[in-house]
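First comes the structure, then the notes that go with it.
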Amino acid sequence: MSRKKVVLFFVVLGIFCAFYLLLNHSVHLTQSTASPRQVSVICRSADTEEWSTMKQGIDRAAKDFGVDVSFITLTSRNSAKEQISLLSREIDGGADAVILAPVNSTALTQPVYSAQEKVPVIAMQSSTQGLQSLQTVACDNVRMGSALAKEMCREELPNTPAVILCGSTMSSNEEDFLKGLKQGLKGRPVQCSTLTDVDSGETFAQVKQMFQRQPGAFFVALNAEMLETAAQAKQALGVQAHLYGAGRSNQIVSLLEQKIVSATAVSNDYNMGYLSLKAAVDQMEKKKSSNIEINSLIINSNDIYQPQNERILFPFV
Amino acid sequence: MIKEKFSRIREWVRHYFRRWSFQFILSLSFTIAAVTGMAAVGLTLSMQHISAAEKQVASNNQLIVDQMGINLNSYLRNMMHVSDSIYYSIIKNADLQKDNIGDQMSLLYETNRDQIISVGVFAEDGKVIAAEPLNELKSTADVVHQEWFLNAENQIENLHFSTPHVENLYKDPDNQYHWVVSLSRDVELTSGGATKHGVLLVDMNFSGVEQICSKVDLGKSSYTYITDSRGEIIYHPRQELLYSNLIKENNRQEATYQDGTYTETFQNEKRLVTVKAVGYTGWKIIAVTPLASVRAGFAQFSQFALLLAAFITFLLVFVNMFISSRMATPIKRLENSVKNIENGELDESKIAVSGSYEVQHLGKTIRSMVQEMKKLMADIVQEQEAKRKSELEALQAQINPHFLYNTLDAIVWMIENDNRKDAVTMVTSLARLFRISLSKGRTIIPVADELQHVRNYLTIEKMRFKNKFEFSIEAEPETLNCSTIKLIVQPLVENAIHHGLESTDDDGKIRVHSYISGTELYIDVEDNGIGMPPEQVDALLKAGTVTVHGKGSGIGLKNVQERIQLYFGSAYGLQILSEPDEGTTVRIHLPVKPYESSAEKGGRPV
């Protein structure tokens with residue numbers, strides 16, 4: 001064999017050796033460096049059943065996608081300052097992505113924008129004002145409010161006023177829900193009553209007074225805690241007022257069964273949790289992503305045990 | 001049509017094969033054969049490997065669903081045993097009008113409370129007769145229209161298992177809602193001696209089923225799930241995702257499968273499905289393994305195998321190149337040797353003999369063939385030379401009869417004129433001339449004999465020409481014993497007499513002079529005749545030319561020249577020095593060879 005061919009032989013042999021080492025190294029790397037990614041979830045409140053269901057969804061997604069999740073809850077339910085501080089702390093702490101249930105404050109816009117430049121940020125339950133680029137996983141709260149208004153209109157009492165029971169601070173999803181509600185109740189008198197926060201313990205008395213003042217009115221609670229409190233007040237007073245609301249808990253279901261609550265708007269919280277984490281993973285993997293809409297239902301006392309409703313009301317946990 | 005195409009392809013292949021070298025074809029053929037063989041073996045092995053892996057997975061899945069079936073069967077039998085116990089030990093033995101069955105049911109419930117959410121006995125109209133741990137029905141509970149109740153009433157001889165649902169019968173002060181699987185059966189209730197139908201309900205905690213199933217570990221991407229006979233999901237490890245429509249399952253289709261293992265495609269994914277029916281309930285345990293996961297481990301192996309195959313191919317290419325080179329190079333060398341032979345280079349030592357035994361043998365054969373050819377050619381040349389010599393010598397011999405006739409005529413004339421003395425001299429000279437001409441048949445004779453022969457000839461000719469010329473023969477003594485070809489000087493002398501002197505009016509002189517210069521022997525024949533112009537001199541010895549001047553054709557000179565060169569080589573021969581009116585010298589150039597050595601070799605008798 002000529003000298004040229006011998007040189008060629010050794011060159012190709014070298015290339016093969018390099019490929020072998022590369023392949024071996026990549027296998028070794030795949031086995032050794034597959035450390036799970038860290039995702040932080042900053043929620044507004046952790047003591048609701050809705051949140052518990054959402055967490056189940058997040059946990060399931062974490063298992064499916066091989067992600068470590070840490071949950072952080074605000075000490076004060078709607079504190080923008082605390083949420084900004086936690087967001088910054090989690091990113092500095094090495095989180096690869098953050099899932100945020102944002103409070104309703106414009107103060108959050110800039111910090112979230114800055115955080116997005118470092119890691120993927122997903123908004124869960126509601127969006128942040130003025131941040132179009134933020135991917136949101138939430139129900140269409142306007143449509144949900146509108147659907148509940150439609151359910152209320154089935155009672156065919158056109159002149160009966162609707163009293164909206166609002167907390168002192170509203171989250172953006174509550175605001176959207178209210179917007180939808182007002183759109184749906186067009187032509188009907190709507191009165192928004194701002195109550196103290198449920199945590200304060202004064203809400204029960206305030207709602208009682210309202211029931212006493214307007215016993216024939218339609219009452220709408222914008223969240224599960226307010227709805228439970230209002231239902232307890234109604235039960236205590238034994239009035240025949242129509243009580244509607246948004247949110248889900250076993251107590252609300254029981255109240256629905258007892259017809260103390262006429263109907264409630266519920267979202268698929270498990271889906272919301274699961275899809276929020278999936279969206280975070282997709283963003284980490286630079287996949288295309290857009291806002292995700294979660295399905296929601298209006299459930300009244302007659303259709304609680306319909307299979308579809310049953311599955312949303314009683315998560316498989 | 002196909003035949004024509006096939007023929008065209010064959011012709012194309014042949015055409016291209018003709019253009020390729022033997023080494024290239026050899027190397028390419030070996031490589032193609034080796035790579036094809038390797039690919040076929042690799043493919044077969046990998047397919048067998050995949051098939052074996054799939055069989056192994058199917059076998060594992062079968063084992064697991066069998067085990068799961070045993071566990072689930074045991075669990076369900078336990079529940080059925082609870083139902084049987086309530087029915088046969090409590091209800092059958094009680095008259096509801098006077099007996100309270102609640103206490104006994106409570107005892108049974110407490111014993112199995114980990115697995116049971118509630119037990120209850122209902123009358124035909126749906127009223128609760130006894131229930132544990134809660135017994136007050138919700139106002140909304142529509143018992144008689146519930147599925148479990150209807151199933152029990154419609155098929156009274158069977159036990160019925162429902163799909164998972166949320167229990168919605170009893171008022172619970174703690175607002176607890178449980179996912180349950182209801183086991184219902186028709187029961188006969190005795191009240192005041194009368195027998196009525198009722199329904200016994202055991203609501204099993206769904207988590208019991210879940211615990212049995214969730215313990216099963218089939219690996220990362222495999223799972224098992226349970227459906228009822230209609231394909232409704234009883235248990236699925238990702239049940240909530242299914243209920244939320246985030247994933248889909250092929251449960252409706254798979255519920256129709258009989259026990260066994262199947263391969264199916266669902267949502268563009270090939271999967272291995274193992275189905276096992278659970279005895280009494282009609283439920284089906286289904287194990288699913290995506291085939292991609294079976295082959296996932298094989299992918300890494302494939303990468304290494306592919307690299308190994310490429311490496312072996314590379315080695316094969318080089319080995320093939322090396323081997324084909326070793327095989328083809330000796331053949332190429334041999335081909336070059338044959339080309340040289342074609343070009344007339346008959347040197348057998350230059351014929352390549354190398355390579356394998358067959359090629360070496362071929363080389364040796366060609367060598368011996370060339371040797372034989374050379375020998376044959378030498379023989380032919382020798383034969384041709386001998387033939388030519390014979391012809392020349394015969395030609396030389398043809399002169400003699402003419403000369404003999406003239407001489408004898410002269411002798412007759414002398415005898416008639418009583419010139420007896422001259423006649424004796426002439427006859428004596430003639431006799432000596434013939435004796436030397438014969439020379440015992442030798443062609444090579446000593447210079448002395450040749451000169452003697454010339455002397456005799458000149459003596460005869462001088463007498464014939466009536467002393468018209470004088471001659472002298474001078475020989476250096478060392479030349480006398482040198483070898484010469486016989487009868488080469490006489491034609492020159494004859495030419496000198498007939499062409500040089502015959503036309504001249506002066507007294508002719510002929511001088512024959514032999515001498516040695518260096519290692520060469522020269523015999524000059526000089527005459528003082530009319531001489532020749534240079535162009536005639538040049539034409540005399542050239543082959544194929546015929547002289548036009550004078551009387552002779554020059555054949556005698558050419559004969560002599562050819563004979564000298566045939567015996568002694570082209571370096572020797574004749575040289576003619578002549579000038580018109582000045583005379584001519586014809587010089588014989590021979591090698592100095594003592595006669596003894598030449599005599600040993602001998603000349604061929606003529």
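The chains referred to below are lettered A, B, ... by the order of the sequence lines, with proteins before strands, and numbering in each begins at 1.
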- Task: Using non-hydrogen atoms and a 4.5 Å limit, figure out which bit of B:E167 sits close to chain A: side chain, backbone, both or neither.
- Result: backbone
- Check whether any side-chain heavy atom of A:Y270 lies under 4.5 Å from a side-chain heavy atom of B:Y243, and answer yes or no. no
- Message: As an exercise: rank A:V253, A:I312, A:N295 by heavy-atom pairs under 4.5 Å with chain B and give me the winner.
- Response: A:V253
- Message: Which one wins on heavy-atom pair count under 4.5 Å against chain B: A:N302, A:D64, A:L313, A:L255?
- Response: A:D64
- Answer yes or no: is there a side-chain heavy-atom contact under 4.5 Å between A:Y305 and B:T140? no
- Query: Taking B:Y177 for the side chain and A:S254 for the main chain, is one N or O donor matched with an acceptor at less than 3.5 Å?
  - Reply: yes
- Task: Output the option from A:L275, A:I304, A:V12 having the highest count of non-hydrogen pairs under 4.5 Å with chain B.
- Result: A:V12
- Query: Heavy-atom distance under 4.5 Å to chain A: side chain of B:P173, backbone, both or neither?
  - Reply: neither
- Message: With a sphere of 6.0 Å drawn around OH of A:Y20, does it hold more than 12 non-hydrogen atoms of other residues, nucleotides or ligands?
- Response: no
- Quick one: sort the A:F16 and B:F311 rings into parallel, tilted or perpendicular, breaks at 30° and 60°. perpendicular
- Item | Option that, when pairs with chain A are counted at under 4.5 Å, heavy atom only, ranks first among B:H178, B:K138, B:R326, B:K171 | B:K138
- Item | Pairs of heavy atoms under 4.5 Å with chain B: top-ranked of A:E257, A:Q251, A:Q258 | A:E257
- Would you call B:E240 and A:R60 a salt bridge, using N to O less than 4.0 angstrom? no
- Taking the side chain as every heavy atom from C-beta outward, state whether B:L246 and A:N271 have any atom pair closer than 4.5 Å. yes
- Contacting moiety of B:L241, where chain A heavy atoms sit under 4.5 Å: both
- Item | Within 6.0 angstrom of A:F19 CZ, more than 12 heavy atoms from elsewhere | no
- Over 12 non-hydrogen atoms of neighbours within 6.0 angstrom of CD in B:Q176: yes
- Item | Heavy-atom proximity to chain B below 4.5 Å, by part of A:L8 | both
- Item | Side chains of A:E310 and B:W179 in contact at under 4.5 Å (non-hydrogen atoms) | yes
